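Presented below is the structure to which this report refers.
Please read all numbers here as calculations on a predicted model, not as lab measurements.
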Amino acid sequence: MSKPKVLIAFYSRNSSTELLAKAVAQGAMAEGAEVRLRRAREFVAPEVMRQVPEWSERASEMNAKYEAPTEADAEWADAIVFGTPTRFGSVAAELKAYIDSLGGLWFQGKLNGKAGSVFGSTSSRHGGNEATLLSLYGPMAHLGLIIVPLGYADPAMFAAGTPYGATHVSNRDSVMPGAEDLAVATYQGRRVASVARSLRVAQPVAEAA
């Protein structure tokens with residue numbers, strides 16, 4: 001049986017979301033998946049980025065490590081996992097711009113039946129982690145993705161994260177994701193890859209019927 005293919009499309013400015021993305025990737029690969037890690041790009045003017053200390057430098061560093069997500073990546077994937085920091089209780093504009101670029105695939109129905117999941121991070125406690133994850137459930141439904149929540153099917157869920165997806169609170173970027181946060185993200189990768197594999201097996205049967 002061929003490997004399930006998992007696209008992890010994320011945006012990260014100060015590495016918290018990036019570290020969760022890498023843990024999701026590790027979990028998916030442990031489940032036998034082929035993984036593509038992609039970082040959404042900034043589209044604000046350089047002078048805006050220069051107003052935030054180290055934004056440009058960190059963006060350049062991460063962009064050297066990760067390609068930008070493309071429409072072809074989404075078409076290739078059996079599962080798409082979105083990762084985002086919280087911006088005023090919702091998804092970061094950089095990731096949303098990528099999601100909005102998938103309209104052509106949506107129109108052709110090419111995303112229907114793929115697995116979809118989401119994870120994220122906030123700077124402050126009660127800063128909108130769950131609201132942000134849930135704000136992406138709507139676009140995923142419109143794209144035709146089969147949403148994969150985490151539930152409480154793994155012991156890691158009783159120590160960190162949310163049933164909607166892995167999360168982290170960075171305390172103004174002073175705290176990186178710890179072992180418990182990363183364990184939830186790793187579980188999320190395993191779960192998504194497992195569901196994607198099951199969907200691939202089921203689809204030929206459905207088409208034959």
Side-chain angles (χ1 to χ4, degrees), residues 1-12 15-40 62 65-85 91-92 95 98-99 102 105 110-121 129 132-133 136-137 139-140 143-157 159-168 176-204:
M1 184 184 301
S2 60
K3 296 181 177 181
K5 295 174 289 188
V6 178
L7 168 64
I8 302 170
F10 71 96
Y11 179 71
S12 183
S15 297
S16 288
T17 312
E18 177 196 15
L19 292 174
L20 291 177
K22 291 171 69 174
V24 173
Q26 290 169 0
M29 289 186 289
E31 192 64 29
E34 181 180 352
V35 174
R36 291 183 183 178
L37 262 174
R38 302 287 190 257
R39 179 186 184 267
M62 281 189 275
K65 292 192 292 184
Y66 308 105
E67 297 178 32
T70 65
E71 185 179 72
D73 289 326
E75 185 171 2
W76 164 88
D78 297 309
I80 303 174
V81 187
F82 296 117
T84 181
V91 58
L95 182 66
Y98 171 62
I99 294 172
L102 300 177
L105 293 180
K110 290 188 175 181
L111 301 178
N112 288 329
K114 296 177 185 286
S117 199
V118 63
F119 61 93
S121 60
N129 257 328
T132 298
L133 301 191
L136 279 170
Y137 274 29
M140 288 195 292
L143 293 174
L145 303 182
I146 297 174
I147 298 171
V148 182
L150 302 191
Y152 288 89
D154 188 276
M157 295 303 304
T162 77
Y164 315 110
T167 56
H168 169 62
M176 290 293 105
E180 293 178 341
D181 305 304
L182 297 176
V184 173
T186 302
Y187 161 58
Q188 184 165 7
R190 295 197 312 269
R191 181 172 172 85
V192 169
S194 177
V195 171
R197 178 185 291 109
S198 297
L199 290 172
R200 287 190 62 172
V201 171
Q203 283 172 355

Say you draw a straight line from [atom1] of [X] to [atom2] of [Y]; how long is it, rounded to the nearest 0.5 Å?
X: Ile147; Y: Leu136; atom1: CD1; atom2: CG; result: 9.5 Å
X: Ile8; Y: Ser117; atom1: CD1; atom2: OG; result: 10.0 Å
X: Arg36; Y: Ile80; atom1: CZ; atom2: CD1; result: 11.5 Å
X: Glu75; Y: Lys114; atom1: CD; atom2: NZ; result: 7.0 Å
X: Asn112; Y: Leu145; atom1: CG; atom2: CG; result: 8.5 Å
X: Phe10; Y: Ser121; atom1: CZ; atom2: OG; result: 11.0 Å

- Pick from Leu20, Thr167, Thr17: which one makes a side chain to side chain contact (heavy atoms under 4.5 Å, CB included) with Pro177? Leu20
- Query: Who pairs with Ala153 by side chain to side chain contact (heavy atoms under 4.5 Å, CB included), at least two apart in sequence or on another chain?
  - Reply: Tyr187, Arg191
- Task: Begin with the C-alpha distance, continue with both residues' side-chain angles, and end with the deciding distance and a verdict on side-chain contact (heavy atoms from CB on, under 4.5 Å) for Asn129 and Leu133.
- Result: CA-CA 6 Å; Asn129 257 328; Leu133 301 191; 5.6 Å; no
Where the side chain of [X] meets the backbone of [Y], is there a donor-acceptor pair that is under 3.5 Å apart?
X: Tyr137; Y: Tyr164; answer: yes
X: Ser12; Y: Ser15; answer: yes
X: Lys65; Y: Arg39; answer: no
X: Gln26; Y: Leu182; answer: no
X: Ser194; Y: Arg190; answer: no
X: Lys5; Y: Val35; answer: no

Less than 4.5 Å apart, any side-chain heavy atom of [X] and any of [Y]?
X: Glu31; Y: Arg197; value: yes
X: Val148; Y: Val81; value: no
X: Leu150; Y: Met157; value: yes

For [X] versus [Y], what's the shortest heavy-atom pair and its separation?
X: Ala74; Y: Leu105; answer: CB-CD1, 3.8 Å
X: Val195; Y: Ala115; answer: CG1-CB, 4.4 Å
X: Ala193; Y: Pro4; answer: O-CG, 3.8 Å
X: Ala156; Y: Val184; answer: O-CG2, 3.5 Å
X: Pro85; Y: Thr132; answer: O-CG2, 4.3 Å
X: Asp78; Y: Lys3; answer: OD2-O, 4.2 Å

- Message: Tyr98 vs Arg38, test: side-chain contact (heavy atoms from CB on, under 4.5 Å). Steps then yes/no.
- Response: CA-CA 11 Å; Tyr98 171 62; Arg38 302 287 190 257; over 6 Å; no
- Message: Using side-chain contact (heavy atoms from CB on, under 4.5 Å), reason through Leu143 and Leu102 one step at a time and then give a plain yes or no.
- Response: CA-CA 8 Å; Leu143 293 174; Leu102 300 177; 4.3 Å; yes
- Please indicate whether Glu180 has more than 12 foreign heavy atoms, meaning atoms of other residues, nucleotides or ligands, lying under 6.0 Å from its CD.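 Incorrect, the count does not exceed 12.
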- Query: Is it true that Tyr11 and Phe82 have ring centroids separated by less than 6.0 Å?
  - Reply: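 No; Phe82 has its ring centre 6.0 Å or more from that of Tyr11.
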- Side chains of Thr70 and Asp73: donor-acceptor distance under 3.5 Å anywhere? yes
- Decide side-chain contact (heavy atoms from CB on, under 4.5 Å) for Thr186 and Val24; before the verdict, give the C-alpha distance in whole Å, the side-chain angles of both, and the deciding distance to 0.1 Å. CA-CA 5 Å; Thr186 302; Val24 173; over 6 Å; no
